[in-house]
There are 2 protein chains.
Amino acid sequence: MDELDASIVRLLQSDARLSNRELARRLGVAPSTALERVRALTRRGVIRGYGAHVDLKALGRHAEALVSVQLGRHQRSMYETFRETVGSWPEVVTLFVVSGGSDIVLHVAVQDVEQLHAFLVDRLATRPEVARFQTSMVFGRDHNRVLEPLDGEGPGA
Amino acid sequence: MDELDASIVRLLQSDARLSNRELARRLGVAPSTALERVRALTRRGVIRGYGAHVDLKALGRHAEALVSVQLGRHQRSMYETFRETVGSWPEVVTLFVVSGGSDIVLHVAVQDVEQLHAFLVDRLATRPEVARFQTSMVFGRDHNRVLEPLDGEGPGA
DNA sequence: AGTGAAAGACATTTAAA
DNA sequence: TTTAAATGTCTTTCACT
């Protein structure tokens with residue numbers, strides 16, 4: 001992960017559709033070099049994929065919430081089932097596995113407040129693993145879509 | 001937002017680097033049609049950009065947390081300053097503006113637990129707007145990177 | 001709104017340093 | 001690892017439906 005790799009990762013985070021030619025031009029290297037670097041980063045799992053960022057409201061999702069969930073005392077396998085099931089529900093944008101006051105935090109985005117209530121009552125509350133949950137409405141959200149590498153001890157690492 | 005648009009949005013969320021030709025082939029339309037649809041979706045703000053998904057650990061970020069922040073009684077302008085400043089700190093992946101027990105929830109990702117503590121004590125706690133905060137370690141995370149449109153009343157909307 | 005053909009731009013491979 | 005050249009594919013425009 002040298003400076004060239006760091007630049008590639010930065011540029012592709014901010015625009016995944018950059019042509020390889022343009023990427024190479026901005027890096028000051030040959031296109032084939034850029035191509036090989038991108039492939040290596042992908043092979044090493046640094047770059048995990050490319051996605052379009054879509055406006056949630058344009059998808060008809062006008063209500064967002066963070067839901068802190070406490071699970072009951074169950075076996076690990078039940079936690080994993082919960083995570084896999086709930087994490088792939090279409091209403092769930094992100095599922096966080098956390099410690100502290102809660103076990104799971106869900107970021108959900110649905111059509112409106114009514115649908116949010118329906119989600120909480122009909123879908124979440126009926127899961128046998130759920131003991132309690134607490135909901136915070138989300139009124140705004142800022143994503144840092146370009147994340148820089150953080151080094152342990154200076155730029156030499 | 002007809003079914004063709006919905007398919008485009010789905011396909012580009014799952015792979016932003018799909019060639020326009022391949023996109024058109026999967027949609028069953030001509031490349032020029034696919035191109036115009038994608039441009040219209042971009043113009044209308046449905047597609048907001050394209051990004052590479054990068055492994056946080058590959059960026060040297062091995063510790064993640066959700067930090068619930070309560071702000072003091074300040075003017076709106078100070079809240080906005082806080083949001084803009086903190087939301088663009090490199091440690092912050094996402095900033096949520098919420099209601100309920102807290103005013104702000106931060107998803108932060110840093111090198112290790114030591115750096116997390118330093119972030120909380122040296123950077124967050126020293127902000128004048130911050131009254132209290134509470135930290136939950138994040139041990140796992142599942143993103144739903146392909147979000148479908150949710151319709152109010154059936155597929156006809 | 002959708003299409004097909006044409007021109008130019010591009011990705012990708014290869015051989016070599 | 002990086003490069004330049006070459007091939008085949010792709011994006012994009014435009015006249016037409």
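Letters A, B, ... are given to chains in the order of the sequence lines, protein chains preceding strands, and every chain is numbered from 1. Any value given below was found using the heavy atoms of this structure, including those in side chains, with hydrogens, waters and symmetry copies removed.
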*Of all the heavy-atom pairs spanning B:Ala34 and B:Leu27, show the shortest one and how long it is.*
CB-CD1, 4.4 Å
*d(CD, B:Glu22; P, D:dC10) in whole Å*: 8 Å
*Could you state the atom-to-atom distance from CG of A:Leu27 to P of D:dT1 in whole Å?*
16 Å
_For a quick test of reading the model: is some side-chain N or O of B:Arg39 closer than 4.0 Å to OP1 or OP2 of D:dT13?_
yes
*Audit row: B:Thr94, A:His143, side chain to side chain contact (heavy atoms under 4.5 Å, CB included) steps and yes/no*: CA-CA 5 Å; B:Thr94 309; A:His143 286 283; 3.2 Å; yes
*Of A:Arg17 and A:Pro31, whose nearest nucleotide on DNA chain D comes first from the 5' end?*
A:Pro31
*Atom CZ of B:Arg21 to atom P of D:dT9: distance rounded to whole Å?*
9 Å
*Which of the following nucleotides, C:dG2, D:dT12, D:dA4, is nearest to the side chain of B:Leu4?*
C:dG2
*Give the rounded distance in Å between these two atoms: CG of B:Leu41 and P of C:dA1.*
13 Å
_Using a strict threshold of under 4.0 Å (side-chain N to carboxylate O), is an ion pair present between B:Arg25 and B:Glu22?_
yes
_Base C:dA11 paired with A:Ser32 side chain (donor-acceptor, <3.5 Å)_ = no
_Lys/Arg N to Asp/Glu carboxylate O, B:Glu64 vs B:Lys57, below 4.0 Å_ = no
_Rounded distance in Å - CG (A:Leu12) to P (C:dA11)_ = 12 Å
*Starting at atom CG of A:Asn20, determine the distance to atom P of D:dC10, rounded to an integer number of angstrom.*
15 Å
*Taking only N and O in the side chain of B:Arg37, is any of them less than 4.0 Å away from OP1 or OP2 of C:dG2?*
yes
*Return the nearest nucleotide to the side chain of B:Val29; candidates are C:dT12, C:dT3, D:dC10.*
C:dT3
*Once you round it to whole Å, what is the distance between P of D:dT12 and CD of B:Glu36?*
12 Å
*Nearest to the side chain of B:Thr33 - C:dG2, D:dT2, C:dT12?*
C:dG2
*Listed nucleotide nearest any side-chain atom of A:Leu35, set C:dT12, D:dT3, C:dA11*: C:dT12
*asked:* What is the separation between atom CZ on A:Arg25 and atom P on D:dA4, rounded to the nearest whole Å?
replied: 16 Å
*Charged N to carboxylate O under 4.0 angstrom, B:Arg26 versus B:Asp15?*
no
